[in-house]
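As the structure lists them, so they are numbered: ligands from 1, and atoms in each ligand from 1.
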Amino acid sequence: MSAALHLQRGLRERLRRGEVEITVVEPQSYLTYHPLLAEVAAGSIDPRHVVVPLRRTLPECRVLTARITRIEHATRRAWADAAAPGEPPAPVELDYDVLVVAPGSVSRTAPVPGLAEHGLGFSTVGEAVGLRNHVLEQLDLASATRDPALRQAALTFVFVGAGYAGVGALAELEDMARTAVRGYHNISPEDLRWVLVEATDRILAEESPELAAHTLAQLRDRSVDVRLRTRLESAAGRVMVLSDGSRFAARTLVWTAGVRPSPLLRDTDLPLDTTGRIRCLATLQAVGPDGRALPGVWAAGDCAAVPDPHADGAPCVPNAQHAFAQAELLAANVLVALEGGPRAEGIVEYRPDRPACSTSLGLGRAVAHTSRGGRLTGRRAWWLHRARHLRRLPSADRRVRVLMDWVLGGLFSREVVSLGTLEHPRSEFEAGFGTGVTDDRPT
Ligand SMILES: Cc1cc2nc3c(=O)[nH]c(=O)nc-3n(C[C@H](O)[C@H](O)[C@H](O)COP(=O)(O)OP(=O)(O)OC[C@H]3O[C@@H](n4cnc5c(N)ncnc54)[C@H](O)[C@@H]3O)c2cc1C
């Protein structure tokens, strides 16, 4: 969306004259701003405010609600599946002159027994809202039950994978739950158990080692049980079995164990590296067989292996900072190439600013590094973190709405009501007929 937005601006007159056409193919009708999902889960931001509708933002573009299934760049054709739910897929063939590939990444799953039945993901707005409701429901369950084992399992929250998604979601939800239990006569914050399981020897692999170490210290200060070099081996029967030999019951299992490049890339004739990302030059053009730019193909974001000058030319790590900066540069380079051919003078290499990273760890708590190497914690880091994301959100309308959510959140105490019934809007009505609904959530 970000690349299309910049192209739309640069080509406005030519789009209106019908000389060029931009088609955006995307199965969702909106962009999801992932870095704020943890705050959606914590109830600090309204879910609708972290998504940006494509058709409203890209009025000059043709937006196709579909999923690309194959790309054949040799003949400059792509195929998309566009179908209403329940209908058989209807393949659409699209011809193009210029291809921009940015399908991002998908969650990396693993064949862990019990994971498919009991695990929750955390990469969509629906999952963020669902997880919030689930956590609040566990507090109700723990308060109501007379079974100590069930109470213990309800108050144990396990997150597997300590990247952005796992760390952000755990920290925000722990903060929210700590506030929520104040309203329960028989649960105290010390009764809650939060476990973060990470297979490698560090957390936040996408961030600098200093920020990661700092975040780890903060989490442990808050009694979060962080297990490094540890894997989840089984979750069958909601009993967590870890590779360090521990075993305990938990009713909340959140799977945030990293991402891999979009599987779509394997169904293309584009050049891929060993991890499955598109091999790119620093100009964001795909690499051709002669090592020079492959004419007409550009890539950005998580799916693109773009050399990072701050990492001795190793590919940029998948994060939002790179994705947005690359999208902007990609659009500028495409505009230059459209004027002067694929190897035009004026195409610029990607030279990112030094990473300016931060992680929110709940209300008023964050860790942040500035691009000059400064280190901040607590409220100052939190303000900086919020300012950065507010600036990066790709819609003025959404920026105002998120800002208003934060202002209102500052004036009133945290909202800790669970609206789990929203996931089953027909349940009350069906109960009136004496029929039950099937609860298909992995609770
Ligand atoms: C929960 C979470 C928290 C995060 N927090 C942070 C953070 O704090 N800071 C940070 O820097 N980064 C963070 N990230 C990472 C960051 O969000 C990603 O690096 C960034 O979104 C990558 O942008 P992208 O455009 O490459 O991919 P995406 O934002 O994933 O967009 C890809 C789009 O392509 C679409 N798509 C996929 N396949 C197809 C197909 N076959 N056809 C058509 N469309 C397709 C998808 O629907 C999606 O809309 C977080 C990620 C998650 C999941």
Side-chain angles (χ1 to χ4, degrees), residues 1-4 23-41 50-52 54 63-71 78-82 92 94 99-108 120-125 127-128 131 159 161-172 204-208 211 215 254-268 277-278 284 299-306 316-328 330 352 355-361 366-368 385-386 388-389 392-394:
M1 192 206 83
S2 195
T23 302
V24 179
V25 188
E26 163 65 61
Q28 310 290 338
S29 59
Y30 49 79
L31 167 144
T32 303
Y33 190 73
H34 294 116
L36 294 181
L37 280 186
E39 293 202 44
V40 169
V50 297
V51 299
V52 185
L54 294 181
V63 177
L64 195 60
T65 305
R67 180 175 290 279
I68 293 284
T69 51
R70 190 156 74 88
I71 298 170
W79 287 265
D81 265 353
V92 178
L94 301 160
L99 176 70
V100 174
V101 194
S105 39
V106 294
S107 296
R108 196 187 296 137
L120 298 160
F122 193 74
S123 60
T124 66
V125 176
E127 286 171 338
L131 180 58
F159 289 67
Y164 286 124
V167 170
L170 181 146
E172 289 285 345
L204 290 178
E206 313 89 336
E207 293 283 14
S208 71
L211 186 95
T215 309
V254 187
W255 184 261
T256 49
V259 293
R260 61 186 170 87
S262 164
L264 158 69
L265 303 177
R266 289 198 302 263
D267 294 317
T268 70
R277 294 162 96 188
I278 300 179
L284 307 174
D302 285 8
C303 78
V306 178
C316 295
V317 291
N319 71 26
Q321 189 179 338
H322 285 306
F324 281 105
Q326 288 173 1
E328 188 173 350
L330 183 153
C357 33
S358 52
T359 311
S360 174
L361 300 173
V367 290
H385 173 83
R386 286 192 154 187
R388 273 181 188 156
H389 284 300
R392 214 180 275 153
L393 244 179

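Protein heavy atom in closest approach to atom 6 (C) of ligand 1: Y164 CG, 3.4 Å. Residue, atom and distance of the protein heavy atom nearest to atom 42 (N) of ligand 1 are I68 N, 2.9 Å. For atom 26 (O) of ligand 1, the closest non-hydrogen atom of the protein is D302 N, 2.8 Å. In terms of protein heavy-atom proximity, atom 21 (O) of ligand 1 is nearest to H34 ND1, 3.4 Å. In this structure, the protein non-hydrogen atom closest to atom 35 (C) of ligand 1 is E26 OE1, 3.1 Å. Residue, atom and distance of the protein heavy atom nearest to atom 44 (N) of ligand 1 are P27 CD, 3.1 Å. Counting protein heavy atoms only, atom 16 (C) of ligand 1 is closest to A320 N, 3.7 Å. The protein atom (non-hydrogen) at minimum distance from atom 31 (O) of ligand 1 is A102 O, 4.3 Å.
Ring pair F324/Y33 is tilted by interplanar angle, where 30° to 60° counts as tilted.
When each atom of ligand 1 is checked for a heavy atom of A165 under 4.0 Å away, the hits are 1 (C), 2 (C). If you number the atoms of ligand 1 from 1 as listed, the ones under 4.0 Å from a heavy atom of G301 come out as 26 (O). Annotation for ligand 1: atoms under 4.0 Å from non-hydrogen atoms of F122 are 1 (C). Each of the atoms 11 (O) of ligand 1 lies under 4.0 Å from some heavy atom of Q321.
Annotation: side chain to side chain donor-acceptor pair (under 3.5 Å) contacts of S105 (sequence neighbours excluded): D302.
Between the side chain of E172 and the main chain of E39, no donor-acceptor pair closer than 3.5 Å is present. In terms of modelled atom types and a separation under 3.5 Å, the side chain of R108 and the main chain of R260 share no donor-acceptor contact. In this structure, T32 contributes its side chain and H34 its backbone to no donor-acceptor pair below 3.5 Å. Within the 3.5 Å criterion, the main-chain N or O of T124 finds a donor-acceptor partner in the side chain of E127. Judged by distance alone, the side chain of Q28 and the main-chain N or O of Y30 form no donor-acceptor pair under 3.5 Å.
Residue-level proximity to ligand 1 for P318 is carried by the backbone, the only part with a heavy atom below 4.0 angstrom. The proximity of R67 to ligand 1, defined as any non-hydrogen pair under 4.0 Å, involves the side chain as well as the backbone.
Here OH of Y164 is found 7.0 Å from OG1 of T359. Values are rounded to the nearest 0.5 Å. For the atom pair CG of L37 and CZ of F122, the computed distance is 5.5 Å after rounding to the nearest 0.5 Å.
One option in A300, A323, S105 has a heavy atom closer to atom 23 (O) of ligand 1 than any other, and that option is A323.
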